[in-house]
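Report on the following structure.
Chain naming here is simple, since letters A, B, ... match the order of the sequence lines and numbering starts at 1 in each. Note that the coordinates shown come from a computational prediction; the quantities given were computed from them, not determined experimentally.
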There are 2 protein chains.
Amino acid sequence: MSAPIGDGTVGKALSVLDQVAAFGRPVRFVELIAASPFPKATLYRFVQTLTNQGMLSFDPDHATYAPGVRLVRLAHAAWAQSSLAPVARPYLDALSESLGETIHLAQLDHAQVLYVDKRSAARPLEMFSDAGKIGPAYCTGVGKTMLAFMENGATDDIVEQQSFHRFTPNTLADAVALRAELAEIRENGYGFDREEHEPGIICIAVPILSDSGRVLGGLSVTSSTDRTNLAGLERLVPEIQETAKQIAREASAWRFPDRVAST
Amino acid sequence: MSAPIGDGTVGKALSVLDQVAAFGRPVRFVELIAASPFPKATLYRFVQTLTNQGMLSFDPDHATYAPGVRLVRLAHAAWAQSSLAPVARPYLDALSESLGETIHLAQLDHAQVLYVDKRSAARPLEMFSDAGKIGPAYCTGVGKTMLAFMENGATDDIVEQQSFHRFTPNTLADAVALRAELAEIRENGYGFDREEHEPGIICIAVPILSDSGRVLGGLSVTSSTDRTNLAGLERLVPEIQETAKQIAREASAWRFPDRVAST
DNA sequence: GGGGTAAGTTCCAAATAATGAAACTCGATT
DNA sequence: AATCGAGTTTCATTATTTGGAACTTACCCC
């Protein structure tokens, strides 16, 4: 689903973890077997190991497996010490207040967009139910924009992996259309979502780039065709880009605390 | 640290993941070596594999490793499909509103308390910076209360693993004191934190128990000695226990969606 | 209550992958 | 130019994983 299985035993075990997560509900051993490339005994041992390790949790009342609590602890660490998300927090608050629109902060998880933080104009923010969500890279503003600014080889690999499901009439249909769009985004410095994922929903996104030009993540402002249009969003570009630049500066500055003084 | 290493290659790799998370900041390869039981080449391959898999992320600018974004995605799944956290949400909201105090929802992650949700009376709630936090089991209200209601064997295992650091004069000093306290909690049906973790901070906690008597988690109300005292908290017991019971009922009801109709 | 079916678990020889000492590369310092 | 230390690769040895098949429940239907 995400990482190519491989990487020996560890990779295989982690693919099982993904599989369980993908079900979206507690799942029985038989169901896993049915959808797994591994023979029964092998899968059984993986599930045992992962459960032992707290990466899966087993509910003895229903005889089902679900992703385990240890993941929540690890994700807390991941979120807290990624250079991007904690640093971006106050900037998202400010931008959200200033614009009154929904803000997303995203990173790439293999070929998918992963939202790591969000400010919703309307509703109060929701915990894990928001952060951790994933979306397709080829038809979201942040996804396309992050792709556009990656090194060429990396972009190509990811473009290959997209599956191009047509969500709306505006969804880009294939790799050719996507590549053209990426070229345009690279030129402009920002990208749109022109109701490509959901009718009526539009968005504008800018990349967050490190000093060395690496893509750290993406920042987007989402709105609806009821409230504004693409030109309206485009007017926000300077402010959004400025915020992205500030986040990038602070995230890059993150020098890792003092290496022990050299001998 | 958390899961006993063992469980073959997968367990070892996951212990490396824990190690990186434990640093609390991006970490260099040498630093990991220094604190790792594995020889250089072995650790190197683990780190490679985990990075490939997105469980670790490598920052080429600083040559450091940190827990990876894939964890955030998996944790989202873990949180969303655990029977406890999503079901408890509205109840926590209601309890928080009714009491005007800080509420914690916790589960056990091996021998530690893991907070999976929180309602803060004062500040607006914070994303991953709150959920995913861990604390010691032997000197928090939820920790002791969950321990008190586990099967005896399981309780003993966990009691053995506590390290009994003395945070305050009231911190329970050893396994004997803890066992006595657990017996009392089991009798009462609820447990206190009598400034055992932090001076001035008190709390009352009840277990969330499944139909079959299994500990699903713990629910606590935290306050300070400025605002109330143990007797004051004790008066809240009926309301808290009622909430715990409702959460338990709904979480247990979670029958996993229709197995395919039998032949 | 008996017989059947399917889920879940254990076994073990063959196949495969992990191991780690040592040698090597590459950059940065002196 | 020489040195040092971080990071990376190699390869014969060793230990683990593998998976077909047999086994043991648990449940359902008649």
Side-chain angles (χ1 to χ4, degrees), chain A residues 3-17 19-20 23 25-53 55-66 211-212 255-263, chain B residues 3-17 19-20 23 25-53 55-66 211-212 255-263:
Chain A
I5 54 180
D7 285 319
T9 316
V10 176
K12 291 178 212 164
L14 292 176
S15 79
V16 171
L17 195 56
Q19 227 197 30
V20 174
F23 267 85
R25 61 173 174 79
V27 72
R28 282 205 180 228
F29 183 70
V30 245
E31 301 181 274
L32 286 176
I33 286 281
S36 173
F38 304 113
K40 199 159 57 156
T42 304
L43 182 66
Y44 180 71
R45 261 176 290 104
F46 279 142
V47 165
Q48 286 289 20
T49 302
L50 290 170
T51 303
N52 262 329
Q53 293 288 325
M55 302 297 280
L56 287 179
S57 76
F58 178 69
D59 176 346
D61 292 347
H62 302 106
T64 54
Y65 295 89
D211 295 339
S212 53
R255 282 223 53 39
F256 88 104
D258 42 82
R259 55 213 295 189
V260 183
S262 55
T263 314
Chain B
I5 53 181
D7 285 319
T9 316
V10 176
K12 292 179 212 162
L14 292 176
S15 79
V16 172
L17 194 56
Q19 226 196 30
V20 174
F23 267 85
R25 60 173 172 80
V27 72
R28 285 212 176 214
F29 183 69
V30 246
E31 302 181 273
L32 286 176
I33 285 281
S36 173
F38 304 114
K40 199 160 56 158
T42 303
L43 181 66
Y44 180 71
R45 257 174 295 103
F46 279 142
V47 166
Q48 287 288 20
T49 301
L50 290 170
T51 304
N52 262 330
Q53 293 288 324
M55 302 297 280
L56 286 179
S57 75
F58 178 69
D59 175 346
D61 292 347
H62 302 105
T64 54
Y65 296 90
D211 295 340
S212 53
R255 281 224 54 42
F256 89 104
D258 41 82
R259 54 213 298 190
V260 183
S262 55
T263 316

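- C:dA7 atom C1' lies 17 Å from atom NE2 of A:His62, rounded to whole Å.
- Relative orientation of the A:Phe29 and A:Tyr44 rings is perpendicular, given thresholds of 30° and 60° on the angle between their planes.
- Rounded to an integer number of Å, the gap from CD of A:Gln48 to C1' of C:dC11 is 15 Å.
- Within 3.5 Å, no donor on the side chain of A:Arg28 pairs with an acceptor on the base of C:dG8, nor the reverse.
- Within the 4.0 Å cut-off from OP1 or OP2 of D:dT8, at least one side-chain nitrogen or oxygen of B:Tyr44 is found.
- Distance B:Arg45 CZ to D:dG7 P: 17 Å, rounded to the nearest Å.
- Taking atom CG on B:Leu43 and atom C1' on D:dT9, their separation rounds to 15 Å, with Å as the unit.
- Distance, B:Tyr65 OH to D:dT8 C1': 10 Å, rounded to whole Å.
- Of all nucleotides listed (C:dG20, D:dG7, D:dT18), D:dT18 comes nearest to the side chain of A:Phe46.
- We find that NZ of B:Lys12 is positioned 12 Å from C1' of C:dG20, with the value rounded to whole Å.
- Side-chain N/O atoms of B:Lys40 and base N/O atoms of C:dG20 include no donor-acceptor pair closer than 3.5 Å.
- One interatomic measurement links the two molecules: CD of B:Glu31 to P of D:dG5, which rounds to 17 Å at whole-angstrom precision.
- When heavy atoms are screened at a 4.0 angstrom cut-off, A:Thr9 is found touching the sugar-phosphate backbone but no base atom.
- Without hydrogens or angle criteria, A:Gln19 side chain to A:Ala35 main chain gives a donor-acceptor distance under 3.5 Å.
- For the pair A:Phe29 and B:Pro39, nearest-nucleotide mapping onto DNA chain C gives the more 5' position to A:Phe29.
- Closest approach of B:Met55 to B:Leu17, counting heavy atoms only: O-CD1, 3.4 Å.
- When distances are taken from the side chain of B:Ala41 to each of D:dT17, D:dT8, C:dG20, the shortest belongs to C:dG20.
- Of the possible polar contacts, none joining the B:Ser36 side chain to the B:Ile33 backbone as a donor-acceptor pair under 3.5 Å is found.
- Note: B:Phe46 and B:Phe38 have perpendicular aromatic rings, judged against thresholds of 30 and 60 degrees for the angle between ring planes.
- Between A:Asn52 atom CG and C:dT9 atom P there is a gap of 13 Å when expressed in whole angstrom units.
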